[in-house]
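First up is the structure itself, then whatever we jot down about it.
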Amino acid sequence: MALILTEEEQLLKTSASELFKSKAQIAALRKLRDEKDPLGYSKSLWKEMSNLGLAGLTISEAYGGLDFGYVGLGQVLETCGRTLVASPLVSTVLLSGTAIQLGGNEAQKKQYLPGIASGDSIFAFAMDEGKHHNPENCNTKITNNLISGNKTMVIDGHVANYFIVAVKDEKGISKLVVVNAKNEGILVEKIEMMDSRNLANVRFENVKVEDILDSYSSSTNLIENVLDVARIGLAAEMLGGIQEAFSRTIAYLKERRQFGVPIGSFQALQHRAAEMFGEIELCKSVVIKSLKAIDNQSDDLPKMASLAKAKLGETYKRVSNEGIQMFGGIGMTDDEEIGFFLKRARVVQHTLGDTNFHLDRLAKMKKY
Amino acid sequence: MALILTEEEQLLKTSASELFKSKAQIAALRKLRDEKDPLGYSKSLWKEMSNLGLAGLTISEAYGGLDFGYVGLGQVLETCGRTLVASPLVSTVLLSGTAIQLGGNEAQKKQYLPGIASGDSIFAFAMDEGKHHNPENCNTKITNNLISGNKTMVIDGHVANYFIVAVKDEKGISKLVVVNAKNEGILVEKIEMMDSRNLANVRFENVKVEDILDSYSSSTNLIENVLDVARIGLAAEMLGGIQEAFSRTIAYLKERRQFGVPIGSFQALQHRAAEMFGEIELCKSVVIKSLKAIDNQSDDLPKMASLAKAKLGETYKRVSNEGIQMFGGIGMTDDEEIGFFLKRARVVQHTLGDTNFHLDRLAKMKKY
Amino acid sequence: MEATADKKDLKKFRKETREWLDANCPESMRQPITGPEDVYWGGRNGEFKTPDFKIWFEKMHAKKWIAPHWEKQYGGGGLDRMEYKILTEEMSRLGCRKPLFSFGLSMLGPALLKFATEEQKIKYLNDIVDAKIRWGQGYSEPGAGSDLANVQTKAEDKGDHYLVNGQKVWTSYGEKADMIFCLVRTDVEVPKHHGISFLLIDMATDGATTRPIKLISGKSPFCETFYDNVKVPKENLIGTEGQGWDIAKYLLTHERQMIGGIGETHVPTPVSDIAKKYLEIKGDVMTDAVLRAEIAKFEMDEAIFDMTIERVIDEAKAGNNSGALSSFFKFYGTELNKRRYEIMVACQGIDGLAWEGEQYNHGAIAKQFLRTKGNSIEGGTSEIQLNIISKRILGLPTR
Amino acid sequence: MEATADKKDLKKFRKETREWLDANCPESMRQPITGPEDVYWGGRNGEFKTPDFKIWFEKMHAKKWIAPHWEKQYGGGGLDRMEYKILTEEMSRLGCRKPLFSFGLSMLGPALLKFATEEQKIKYLNDIVDAKIRWGQGYSEPGAGSDLANVQTKAEDKGDHYLVNGQKVWTSYGEKADMIFCLVRTDVEVPKHHGISFLLIDMATDGATTRPIKLISGKSPFCETFYDNVKVPKENLIGTEGQGWDIAKYLLTHERQMIGGIGETHVPTPVSDIAKKYLEIKGDVMTDAVLRAEIAKFEMDEAIFDMTIERVIDEAKAGNNSGALSSFFKFYGTELNKRRYEIMVACQGIDGLAWEGEQYNHGAIAKQFLRTKGNSIEGGTSEIQLNIISKRILGLPTR
């Protein structure tokens, strides 16, 4: 398992990159924000992405997907991260698609996956119940196929056709269930976030459940496994943002002149840039290795996921902070785009566990 | 309580500085090390220090001291830190003198303090029982006026005339007791440390106790109080070492040439130096403020002690590491003296609690 | 004996001051301010948000305590150093707000006192105290950030007036300023530091316009200002032609101390208290151990930074001038503030990153957090401060 | 089909290699080395510490596996890339030590292979493989640390020989070296990088002397070497006059990868395991939460640094040459090692700072800790590596 991309994966990355270059620059995100778009993403772009097969990359061919694997999805997510593309890729494909693929039985897969692969169904994954990610904190209950509880930070919750909801049954066992968004008793409140994307707080009051995902060895493991896959996917997205913010900063250091010289000729800035370069080299390695760990169903998945999310979170914070500082006053303006990376860095940091959460998890894995 | 020195304190500092300049440069410590001096300090220097009154600075005039206070002792300790003067000042005056002054009754003070003030008695303070400072970890027991237990990291334990030992009585109450080093049942093992000074492991087997220091509101508070005073005193010594290591480094940056220019003209080194300068400004403030807190018997003493020991520990580590790095290959040689500060920084870091210990203590004080 | 007499007088002054403040400061003027809209700025279009603002300003104005330490002929109260200190302490003790927020008081005033003619002082200082003019600062230009001396805005000598052409950026509340104190280039022949002058420009003059700058926080506290053939009377020059750089440097030192937190009376909530509100605590210990360590380190540095301000003030009083330290205070104070907000956002998790909505206080934390990123840029970047420390204090060589 | 045949051959080679190693490597030569005294260095005064050392060297020597990848005429084994990799893997699997430690193998050899004449190669490479000569490196000089090109040691052309005068420092085990490969200045007229040549000097020559350098760790692994009118035959020049700087740069890249840990087969104990041995653990959690966080961050970076080596090797195999990354590896690897030892000392508390005494393993940890401080200085300081990254990789401008 060499840590390089296959030709097909490289090709996929290039074609995603070309699509986003023409249709989804940061200006597109700015437009969604300034127009207070009710969806928070472009339907036509999502249609084009789906037509390219991006929504079905990780879905088996039997259910309308391309069975391309997570290394491939990771390349697309990384490319999204470069221009901060807003789309249902994370909510629907990375989180929910993975959950159904891993935990659904044959009938469930047949029912839900083709809609995901075609881009027609939007799924939201409702996991957390507080301001901090904590899978152990689950007070949403299921009784007689009805669920009740409050979920927070639900990505794309305001536009979902279906919810996948983490609940506990009467015995306290965790489950993932599928809920149709049209069912009665669902109260969705859209929250506009700093990164100009949307989360939702979702309240379920005796809502009927369509399906329980129960084709996995243990449902607790199912949830952890889905979360780990998604953490790695987010790390791939972060890698794109980090590289883009860094290369914009380096370009600015070469271009901006002060005291008659380019500011990139100042050694103090050079050393900080060189150190960041090194951290980014590390980021690249952990992202590709952890993506491969998904496709290879490695036992190391939890460790790899936490390494990736912890390291990328730390580095995105550093690189986005340095970006603003090195751009100086210009970096503080809304007109300049570097600030968008700072904003995204913080929101994605607090999605599915921040650096601290994962460092703690790594220590616990090794019992220290 | 302005955070400046009085004229008397300034004068004291100057005269200590002159003494050490002629008698106790780092070369003197090197000589003690290379000759494997059994005492680990110079008796004649200690005599001169005592003649100047340095051993009695914090002792009341009634017992032969100068009653000069801890701000004064702090200035002497800071001066000692500059050339890493090896003397019984910490063991005998800062730790044991403080213990007797705070916890002894009239008779005990009369008996022990004059010997300390005159420089004739060497006292060692036996507190810890492991490799990490932890006042709660005390398994040395007192029964029928006899003590038994193993003490570690006892400064000057190998040359002491008396020990002050932390013990627990049958009810589990902590006490400080005085033991004559001539008594039977004491096994002293001298340990040469990285900083060319000596600690001792001391084993007490049914050793007769001379006195119990019990004239303080509570004996647990007595121990904490003595430790806090000593932590602040050590911080003062560290301040001297930090300033000296830093100013030697700055001097070297101006003098050493590479690529045809002084290396101090490289901006990356300049910024690191400027950041260290700032940290040292902070160090100066917490040291003088905490020394004044001792003399003013401030309620804030525990907090001040932990702030001082934590901050100075962090900064000494940074400044001594940067010292070696900026001196380059020369800094790695035993001939060059900058390495002595690195060595002292680590040993004093682990004496009476390192930065982590005190950060944790500060958090506990504020219940978080 | 004289010292004792003085002390008695000061004691009396303190007592009377406290009583006067207590009797005259409205209750609502003793509450912490909530933001830049919650203060009285004065100026031609100045408005009092509530009647209490007006009462408080007028009482203090009548008492001559708008600029308590300026001399009386300039509208000041003529208080000496010790009296001024006592007044400040007593105001802070009762939580009294400043009756007037004004860059005229904090920035322009000190420059006028040192560099202006007597006539200029009497005119402009009194206007400041009377809140007649709201002032803005015009130093930075688009091409010159840290390289402040690279002033391109030109002022041509046209006999009785200067003709000004150019552009300034980063003028705080520039769209509300009646007048702007500016650095302009009056001589292009001499080395760049020597051809700069300090000019007062009335923004009501033809050709002077402003445009707000939207920040990453979504707010617009700054403006760009544009000068297109703006005629400025000669008497608006402060100091002599070419002295502008000296005046600017003098003012920057003041500004740095302000941004670095020196002289701030506002005591922020300990971050550990905020953390306790938002994070899980088990047996008095935060379960997020990494964040706990970060908070402990932050609170250590914050506490010791405060001690350092105290020490340096004490040393200054004792005659130990540490003026060069202002760069250190600017650097450390702003970096600390950035750390503070990183921790606050970390404590509040995803809630701290909401941008709108009543229950998230309309994204106040997220927006403040973003705003702090500018602290280490405005008023001289952290890098510039480190340069100054390494050169002026440590004496490290330039290449 | 050819590829398949190749694969089969390799499988066979692996099997035979493993069997041979297992049959021939003495048990004691499969134990980790304890230090630089615990290996065979060869040379004129080379000694085998135990008979097993001799057996192992001679077996490997007879098998031509001292330099398995060199061509046979130079004493090598003539293995191709894949075979060499397999041999390395199998040795590492069984824990076999290298039969010979030699700067001739690791540093001089690659330079000779690239720059020497055929005659020189045959002579010196065979001597290296036969362990006849112990080599030392003579690059650094007292006045030139990072500024390596500032070579002052002079070699004057005296017809059939060079007359060498000067001084070198930081020669590893210099007092034990039979010969030294040196940078010397053969031309003082040209720019400094162009007047340097690469010369082999026999330390038995009249006028060549050494003096050990005592380090802060108390050990003396390095020497100063002095050259006082030392006559060096012309044929000892490698490459052409003035080519010395190119050869040195080529070798430094090798050295950096070594110091940065690339190609290290030794897997160190996880620091968290060491921490567990020395620190209080309650319910599987270290009570020193600050250190715990530091360890978690260190282990994160260490694990991902290893992945980065893996990735870059994989990319190189795929034809993606990332040679410029050697500076990054040198920088990051040495900084990581310093962090490792800071943590190890913190874990062991005061015990880790003892300098002598059996129960403290004679201060081994303290001394290793001190030694690591040199990692970021030797072989090009961290600052130099960051300069190289910023210029060569990021393309940031010089002034």
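Sequence lines set the chain letters: A, B, ... in the order given, protein chains first and strands last, and positions in each chain run from 1.
If you measure heavy-atom distances from A:I288 to chain D, the contacts under 4.5 Å come from the side chain alone. Interface residue D:I393: only side-chain heavy atoms are found under 4.5 Å from chain A. Using a 4.5 Å cut-off between heavy atoms, A:M276 does not touch chain D at all. A:E314 touches chain D through its side chain: at least one heavy atom from C-beta onward sits under 4.5 Å away, while N, CA, C and O do not. Of the two parts of D:K317, neither the backbone nor the side chain holds a non-hydrogen atom closer than 4.5 Å to a non-hydrogen atom of chain A. Contact of D:E335 with chain A is not made at all, since no heavy-atom distance falls under 4.5 Å. For D:N387, the parts lying near chain A are the backbone and the side chain together; criterion is any non-hydrogen pair under 4.5 Å. Interface residue D:D301: backbone and side-chain heavy atoms are both found under 4.5 Å from chain A. For chain A, the nearby part of D:A303 is the side chain; its heavy atoms alone come within less than 4.5 Å.
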Working for salt bridge (Lys or Arg N to Asp or Glu O under 4.0 Å), residues A:E275 and A:R272: CA-CA 5 Å; A:E275 287 191 17; A:R272 278 153 56 187; over 6 Å; no

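Scanning for side chain to side chain donor-acceptor pair (under 3.5 Å) contacts around D:K373 gives B:N321, D:E342, with sequence neighbours left out. Every residue two or more places apart in sequence or in another chain was checked for a ring-ring contact (aromatic ring centres under 6.0 Å, His included) with A:F277, and none qualifies.
With rounding to the nearest 0.5 Å, the separation of CD in A:E279 from CG in A:L312 is 11.0 Å. In this structure, CD1 on D:I388 lies 12.0 Å from CG on D:L325, to the nearest 0.5 angstrom. Distance SG/D:C347 to CD/D:E294: 9.0 Å, rounded to 0.5 Å. In this structure, OG in D:S382 is found 9.5 Å from NE2 in A:H271, a value given to the nearest 0.5 Å. Interatomic distance, CD1 of D:I365 versus CG of D:L370, reported as 11.0 Å (0.5 Å rounding).
Contacts of residues 8-15 of chain A with chain D at a heavy-atom distance below 4.5 Å are absent; not one residue qualifies. Within residues 354-364 of chain A, the residues approaching chain D closer than 4.5 Å by heavy atoms are, in numerical order, A:L359, A:D360, A:A363, A:K364.
A salt bridge links A:K289 with D:E310: the closest approach of a Lys/Arg side-chain nitrogen to an acidic carboxylate oxygen falls below 4.0 angstrom. Using a 4.0 Å cut-off between a side-chain N of Lys or Arg and a carboxylate O of Asp or Glu, A:K366 and D:E299 qualify as a salt bridge.
Below 30°, between 30° and 60°, or above 60°: for A:F259 and A:F266 the angle between ring planes is above 60°, a perpendicular geometry. The aromatic rings of D:H69 and D:Y84 sit parallel, their planes meeting at an angle under 30°, below the 60° perpendicular limit.
Summarising the local packing, NZ of A:K303 is surrounded by 12 or fewer heavy atoms from other residues, nucleotides or ligands at distances under 6.0 Å. Around the NZ atom of A:K292, the shell of radius 6.0 Å holds more than 12 heavy atoms that belong to other residues, nucleotides or ligands.
The candidate from D:E383, D:M286, D:R292 with the greatest count of non-hydrogen atom pairs under 4.5 Å with chain A is D:R292.
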